[in-house]
Amino acid sequence: MARFSHLLRRGAAYYARLRVPLDLVEVIGRKELVKSLGTKDEGEAKRRLWPQITSWLAEFDDLRARRTLVAADREIAVWDHYNATVERDEAERERLPQEAEIAAAEADVIRRADQGGVDLADPLAILDATLELQVKQQAPALASEARTAKLTDLRKHLVKGETALIAHAVNDYLARNRLLVDQGTPDWVSLARHMMRGEIEGLQRTLERDRGDYSGEPRDPLVKPPSSAPRAEQEVAAEGESIAEAVEAFRKENPRNVSKSRIDEACRDIGIFMETTGHTFPVSKITKKHVREWKALLIKYPVRATEVTAFRNMTIRQIVEANEDAKRPVLSDRTVNRYLSSLSSFCNWAEANGYIPSNPCSGMALSKERGSKTLPFSSEQMNTLFASPLFAGCVNDTEWRNISRPGKVLIRDHRFWVPLIMLFSGARPGEIAQLSTSDVRQEHGHWIMHVTTEGEAHEEGKQVKTAGSMRVIPVHPQLVKLGFLDYHAKRIEAGDKRLFPGAKRNERGQMMADYSREFGKYLVRLGLKTGRGLSLYSFRHGATDALRRAGYLDNQFGFILGHAEATMTGRYGIMPQGMLEQRVELINAIAYPGLKIDHLT
C-alpha cells in the first residue's frame with residue numbers, strides 16, 4: 001500500500017512491516033520485520049501501526065548501542081568479576097572438609113586396619129585406604145596452590161596480551177547483558193584485560209584469607225564500585241504518549257509556522273535527545289535531570305560527529321566517550337543553545353497540549369559565549385574581500401582551492417551575487433538563492449525582490465524562516481550599477497525559472513548551507529578570519545548597522561529584514577506606492593563609507 005508504506009495487507013488482515021537497517025541484518029537475522037496487527041479494519045490497523053514501528057525502532061537503537069561498550073559496561077564487568085571471584089572462593093571454603101569430617105575419615109582408616117581390612121605390607125593397599133583421607137587433609141593447601149598458580153598465569157597473560165584464561169568469563173558477561181561485541185575486537189580485548197585485572201585483585205584477596213586476613217581492599221584503581229548504573233531497559237509509554245509520537249505530532253502541527261528546514265532541524269535535534277531516553281520514553285516523564293544530563297553531553301559533543309567514520313553507529317554517550325581520546329573540536333555554546341532551543345520549543349508545545357505540566361528546558365540555556373556573536377565586516381575587510389579572486393577573478397570556478405587563487409575567470413553566479421545582495425538588502429542567503437526570476441520585477445517604477453513562498457515554483461522549492469519573513473525588498477541602486485538587472489535579464493533570456501540555478505539545497509534541505517561553510521573557510525584563507533565572528537551572515541549584520549547609522553531605529557526597519565508579523569501584503573507582494581516608497585527610502589539609506597567595489601562593475 002503506497003500511501004502507508006509500513007502497513008501491509010495480506011488477504012483481509014493487516015500487518016506492520018519494517019526493513020531492518022543494513023548494519024543490523026546480521027544481528028537480527030532478517031532483512032524485514034513483519035508482525036500481525038490483529039485486525040481487519042484499516043483504520044484500527046493504522047492506529048496500532050505506529051506503536052509497533054516505534055517498538056522496533058527502539059529495538060534498533062538498543063541493539064546499536066549494545067554493539068559498542070561504554071565506560072559503565074567495563075566498570076560493572078570488572079567489579080562483578082572481582083566480587084564473583086571472591087564469592088566463589090568463599091563458597092569453596094564452605095565446602096572444604098571440616099576437622100570433625102577429617103577426624104572421622106582418619107578413624108575409619110584405623111578401624112579398617114585394626115580389623116585386617118588393609119594389608120599393611122602392601123604400599124598400594126595402604127595408599128588406596130588412605131587416599132580419601134589425604135584428599136580431605138590436603139584440600140585447603142591444594143586449593144590455595146591452584147589459586148596461586150592461576151594468579152601467576154593471569155599476571156603473565158596480562159603482560160603478554162593473552163586472553164585465553166578470561167575469554168569464557170568475558171563472553172558470559174556479554175551474553176548476560178545482551179552486548180553484541182565480537183571476540184577479538186578492540187572493545188572485547190579491552191574488556192578482557194579489564195576483567196583480568198579484576199580477577200587478579202580477587203585472587204589476591206583469597207590468598208590473604210588463607211592467612212585469616214579478611215580486611216583486604218582492591219589496590220588496582222580500575223577495580224572499584226561502578227559510577228553508573230547498568231544499562232536499564234527502556235521505559236515504554238502508553239500508546240500516543242511516547243516522545244517519538246509526540247515529536248511527529250509537533251512536526252506536523254508546526255505551531256510557530258517556521259520553515260520546513262527549521263522544523264526538520266528541530267526534530268533532528270530532539271532526535272539526539274531521544275538517544276538518551278529512548279524513542280518509547282513517556283513525554284510526561286521528561287524532567288530537568290534529563291535535560292541537564294543531555295546538556296552536559298552536548299557540551300562535550302564533537303562538531304559534525306555524524307560524519308566521522310570512527311563514530312559511526314555510536315550513541316551520543318559513546319561518541320562523547322570516544323572523543324576523550326580523539327579530541328575533536330566540540331560544539332560551541334551557541335550551538336548547544338540551538339539544540340536546547342529546539343527541545344524547548346517542543347516542550348512548550350507539549351506543555352500547551354497537556355503532555356507535561358511545565359517546560360523542563362526553562363532556564364537551562366548556557367550563557368552566551370563571549371566573542372561568539374556574528375560581527376559585521378569593516379570597510380577595510382570588505383575591500384580586501386571584494387578584491388579577492390572570488391569577486392575579481394580566479395584560476396577556475398569549479399573548486400574552492402582554485403577559487404582562492406587569482407586568475408582571469410570571473411564568477412558571476414549566486415556565489416558572486418548573494419553576498420552583494422545581502423550587503424545591500426539585509427536579506428538571508430537562503431531567501432536570495434531561492435528567488436524565481438519572476439520574483440524580481442518592477443512595481444510602481446521601482447525594481448523589487450519579492451521574498452515569498454508564493455508565485456512561480458521551481459525544482460528547489462521556496463521556504464522562509466517564518467510567515468513574517470515574506471516581504472518586498474527594493475533593489476538597491478548599487479546593485480543596479482553592478483549589473484544585477486542585466487544578470488536578471490540574461491536569466492530570463494535563457495529561459496530559467498530560477499534567478500540562481502546553481503544554488504542547491506543540501507541533504508537537509510538547507511539552501512546555501514554548503515556555500516556558507518566554504519565561504520567561512522575562504523575568509524580564513526584570505527586572513528580575514530581567525531576565529532568566530534565573521535561569516536556570510538556578517539553582510540546581513542552590516543546592513544543592519546548601516547540602517548542604524550542612517551538614523552533609523554530597529555523597530556523602524558525590522559520588517560525589511562523579515563522581523564515582523566505575517567501580512568497579506570508580504571505574502572502576495574501587492575503594495576501601495578506609498579508603502580513601497582518608504583521601503584525604497586530605507587534600502588537606499590544603506591551605505592558603507594570607504595567601501596570600494598567599482599571594479600566589480
Do NZ/NE/NH1/NH2 and the carboxylate oxygens of [X] and [Y] come within less than 4.0 Å?
| X | Y | result |
| --- | --- | --- |
| R251 | E248 | yes |
| E493 | K490 | no |
| R317 | E321 | no |

(Q) Would you say S342 and R262 are linked by a side-chain donor-acceptor pair, where the criterion is simply a distance under 3.5 Å? (A)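 Yes, because at least one side-chain N or O of R262 sits under 3.5 Å from a partner of the opposite role on S342.
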(Q) Please tell me whether R405 and N402 have a donor and an acceptor in their side chains that are separated by less than 3.5 angstrom. (A)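 Yes, N402 and R405 have a side-chain donor paired with an acceptor closer than 3.5 Å.
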Q: Run through W447, F416, W417 and flag the one making a ring pair (Phe, Tyr, Trp, His ring centres under 6.0 Å) with F484.
A: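 Checked W447, F416, W417 against F484; only one passes ring pair (Phe, Tyr, Trp, His ring centres under 6.0 Å): W417.
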Q) Within 45° of the six-membered ring axis of F500 and under 6.0 Å from that ring's centre, is NZ or CZ of R498 located there? A)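 Checked: cation-pi criterion not met.
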Q | Side-chain donor/acceptor of S388 to backbone N/O of L385, under 3.5 Å | A |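 It does hold such a pair.
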Q.
Determine whether a donor-acceptor pair (N or O, by modelled atom type, separation under 3.5 Å) exists between the side chain of K295 and the backbone of V336.
A.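 Looks like no, no N/O pair under 3.5 Å.
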(Q) Are more than 12 heavy atoms, taken from residues, nucleotides or ligands other than K288, located less than 6.0 Å from that residue's NZ atom? (A)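 Count over threshold, so yes.
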Q | Ring geometry between H290 and F273 (parallel below 30°, tilted from 30 to 60°, perpendicular above 60°) | A |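 F273 and H290: perpendicular rings.
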Q: Would you please classify the geometry between the F386 ring and the F391 ring as parallel, tilted or perpendicular, with 30° and 60° separating the classes?
A: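 Perpendicular.
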